[in-house]
Amino acid sequence: MEKIFIYIKHNFKLLWLIIEWGNGLLFDLLYRKRLNNQLRSIFTEFALLPYCYRVLNQSDAQDLFSLIQRQELSDLEFFRPHGHDFHSINSQFYNRTLLMMGVFDQDDLVGYFFLRFFANKKCFVGRLIDRNYRGKGIGINMNHIMYEISWRMGFRCMSTISNKNKNVLKAHAKNPTISIVKKLPNDYLLVEFLKSKT
């Protein structure tokens with residue numbers, strides 16, 4: 001099924017927009033209330049001082065654009081949940097199934113992470129951390145927040161990872177929750193993050 005959706009997304013833009021609209025409508029009807037209930041406590045539960053983790057809103061669009069623009073091109077090669085230009089970033093705040101979250105060091109946005117929900121109870125995760133803030137535990141905490149939101153909502157938590165993305169593969173090498181679901185075209189892996197049964 002993932003192959004079909006990927007093909008439609010890249011070859012039939014109008015059809016993909018219709019699918020996106022329907023997915024957003026179904027998600028709002030079936031899961032929006034549950035998501036809002038989870039968000040009330042999850043950022044408190046997974047606080048990591050001195051940083052502030054929170055949902056982004058449209059007033060953060062310029063900060064998100066600036067965060068992405070100041071990263072090296074090599075860091076963005078495999079990070080394409082949406083375009084990197086301001087218009088593409090700003091338009092994502094109208095996407096009802098994309099939960100955009102940020103990490104702030106005082107007033108500076110230093111990390112961006114997201115969950116992309118589908119009405120079939122799957123969600124896809126991704127993250128980007130400013131080069132100057134890596135190795136401080138921010139990414140691990142992002143993972144906790146993303147995974148817990150999806151698990152508590154009863155969603156499968158997934159991602160696609162390129163076999164060429166050595167940094168992400170290295171970062172996930174010690175991740176006890178990761179499981180390879182299958183190989184995808186163009187040397188990508190579909191992975192799932194599984195909740196421990198202990």
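All of these numbers come straight from a predicted model, not from anything done at the bench.
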Measuring from [X]:[atom1] to [Y]:[atom2], what's the distance to the nearest 0.5 Å?
| X | Y | atom1 | atom2 | value |
| --- | --- | --- | --- | --- |
| E45 | E148 | CD | CD | 6.5 Å |
| L14 | I18 | CG | CD1 | 4.5 Å |
| Q92 | Q58 | CD | CD | 11.0 Å |
| D108 | D63 | CG | CG | 8.0 Å |
| N90 | D60 | CG | CG | 11.0 Å |
| T160 | F78 | OG1 | CZ | 11.5 Å |

Shortest non-hydrogen contact between [X] and [Y], atoms and distance:
| X | Y | answer |
| --- | --- | --- |
| N141 | F46 | ND2-O, 2.7 Å |
| L115 | S150 | CD2-CB, 4.1 Å |
| Q71 | R131 | OE1-N, 3.1 Å |
| A119 | L26 | CB-CB, 3.7 Å |

(request) Would you please test L189 and K183 for side-chain contact (heavy atoms from CB on, under 4.5 Å) and show each step? (result) CA-CA 5 Å; L189 299 173; K183 294 181 179 179; 3.9 Å; yes
(request) Apply the test side-chain contact (heavy atoms from CB on, under 4.5 Å) to residues F27 and L35: give CA-CA distance (whole Å), side-chain angles for both, the deciding distance (0.1 Å), then the verdict. (result) CA-CA 10 Å; F27 181 80; L35 174 61; 4.0 Å; yes
Please confirm whether the backbone N or O of [Y] pairs with a side-chain atom of [X], one donor and one acceptor, at under 3.5 Å?
| X | Y | value |
| --- | --- | --- |
| D130 | N132 | yes |
| W151 | F193 | yes |
| N23 | F117 | yes |
| D85 | S88 | yes |
| S66 | Q62 | yes |
| R32 | R96 | yes |
| Q69 | H84 | yes |
| R134 | I129 | yes |

Cluster question for you: counting only ILVMFWY and a side-chain heavy-atom cut-off of under 4.5 Å, with indirect links fine, are [X] and [Y] together?
| X | Y | value |
| --- | --- | --- |
| F124 | V181 | yes |
| Y147 | I180 | yes |
| L29 | W21 | yes |
| L194 | F155 | no |
| V125 | V55 | yes |

(message) Among residues at least two apart in sequence or on other chains, which ones pass side-chain hydrogen bond (donor to acceptor under 3.5 Å, both in side chains) with Y51?
(response)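 None.
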(message) Taking D105 first and then K136, would you say they form a salt bridge - that is, a charged N and a carboxylate O separated by under 4.0 Å?
(response)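 K136 and D105: not salt-bridged.
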(message) Under the criterion side-chain contact (heavy atoms from CB on, under 4.5 Å), I'd like the reasoning laid out for M101 against M142: C-alpha separation, chi angles, the key distance, then a yes or no.
(response) CA-CA 9 Å; M101 298 171 282; M142 285 176 165; over 6 Å; no
Under 4.5 Å side-chain heavy-atom separation, chaining through any Ile, Leu, Val, Met, Phe, Trp or Tyr, what else clusters with [X]? Say none if it is isolated.
| X | value |
| --- | --- |
| I140 | none |
| F114 | L56, L64, F65, L67, I68, L76, F79, F86, I89, F93, L98, M100, F104, L109, Y112, L128 |
| L49 | none |
| L17 | none |

Answer yes or no: does atom [atom1] of [X] have more than 12 heavy-atom neighbours from other residues, nucleotides or ligands under 6.0 Å?
| X | atom1 | value |
| --- | --- | --- |
| Q106 | CD | no |
| N57 | CG | yes |
| L73 | CG | no |
| K121 | NZ | yes |

(message) Would you say that F113 contacts V103 through its side chain, given a criterion of any heavy-atom pair below 4.5 Å between the two side chains?
(response)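 With C-beta onward as the side chain, the pair touches.
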(request) Compare all side-chain heavy atoms of I138 with those of R127 and state whether any distance is below 4.5 angstrom. (result)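 I138 vs R127: side chains apart.
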(request) With sequence neighbours excluded, tell me which residues meet salt bridge (Lys or Arg N to Asp or Glu O under 4.0 Å) with R156. (result)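 By the salt bridge (Lys or Arg N to Asp or Glu O under 4.0 Å) rule, R156 matches E192.
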(message) Quick one, L39 with L99, criterion side-chain contact (heavy atoms from CB on, under 4.5 Å). Give me CA distance, side-chain angles, the key distance, then yes/no.
(response) CA-CA 10 Å; L39 292 176; L99 176 64; 4.0 Å; yes
